[in-house]
Amino acid sequence: MIETIITVVTALGGLELIKYLHTRRASKRTANASAADKEFDHLTKTNIWLETQLEDKTKHIRELNEQIIDITKELATKRCEVQKCPKRQPPNGY
């Protein structure tokens with residue numbers, strides 16, 4: 001019986017099989033940790049990229065809002081108080 005076990009272990013790689021069976025959990029943990037580290041690095045880079053995109057978009061929107069406010073102020077001075085008549089107040093040249 002013992003000879004059969006020794007023969008099977010030797011046929012399957014002997015000492016290397018024993019090392020594999022002994023270290024396979026550690027190898028799995030190492031592989032999982034490496035994959036998690038790579039995923040964390042990717043997520044960190046993606047987060048930084050998204051933050052810069054948000055800053056750029058926010059800056060652009062603020063510039064557009066400033067333009068809208070300026071145009072609104074300009075139009076408020078040209079608003080017609082008397083509409084559809086030749087005596088437009090204030091006159092705008094049309």
Side-chain angles (χ1 to χ4, degrees):
M1 177 73 172
I2 294 176
E3 291 178 8
T4 308
I5 294 173
I6 293 174
T7 306
V8 170
V9 169
T10 306
L12 294 175
L15 186 60
E16 293 300 319
L17 175 65
I18 294 171
K19 285 182 186 178
Y20 169 75
L21 293 174
H22 182 65
T23 62
R24 81 181 151 180
R25 282 191 223 151
S27 297
K28 284 182 182 179
R29 283 195 306 265
T30 304
N32 287 340
S34 176
D37 189 38
K38 288 179 183 178
E39 182 181 8
F40 180 76
D41 288 342
H42 175 71
L43 291 174
T44 302
K45 290 177 184 176
T46 303
N47 188 26
I48 291 170
W49 181 79
L50 287 172
E51 285 176 351
T52 57
Q53 290 294 313
L54 178 64
E55 288 174 8
D56 293 344
K57 302 297 180 190
T58 303
K59 182 179 176 183
H60 183 68
I61 289 172
R62 287 183 178 161
E63 290 172 359
L64 290 175
N65 282 338
E66 288 175 9
Q67 290 177 3
I68 289 172
I69 290 170
D70 292 341
I71 291 172
T72 304
K73 287 179 182 177
E74 183 180 332
L75 289 176
T77 61
K78 295 183 178 182
R79 187 183 329 180
C80 180
E81 296 168 4
V82 181
Q83 296 184 7
K84 296 186 181 183
C85 71
K87 297 180 181 178
R88 184 178 184 329
Q89 295 298 325
N92 64 358
Y94 288 109

Identify every side-chain donor-acceptor pair in residues 29-41 under 3.5 Å, counting partners at least two apart or on other chains, and give the distances.
residue : atom : partner : partner atom : Å
Thr30   : OG1  : Ala26   : O            : 2.8
Asn32   : ND2  : Lys28   : O            : 3.4

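Contact of the Asn47 side chain with the Leu43 side chain is not registered, since no non-hydrogen atoms from C-beta on lie closer than 4.5 Å.
Taking the side chain to side chain contact (heavy atoms under 4.5 Å, CB included) definition, one finds that Ser27 meets it with Thr23, sequence neighbours left out. With sequence neighbours excluded, the residues forming a side chain to side chain contact (heavy atoms under 4.5 Å, CB included) with Gln53 are Trp49, Lys57, listed by chain and number. Legend: residues meeting side chain to side chain contact (heavy atoms under 4.5 Å, CB included) with Asp56, ordered by chain and number and at least two apart, are absent. In this view, Glu63 and Lys59, His60 satisfy the side chain to side chain contact (heavy atoms under 4.5 Å, CB included) rule, not counting sequence neighbours.
Of the listed residues (Ile71, Asp70, Thr72), just one forms a side chain to side chain contact (heavy atoms under 4.5 Å, CB included) with Ile68, and that residue is Thr72.
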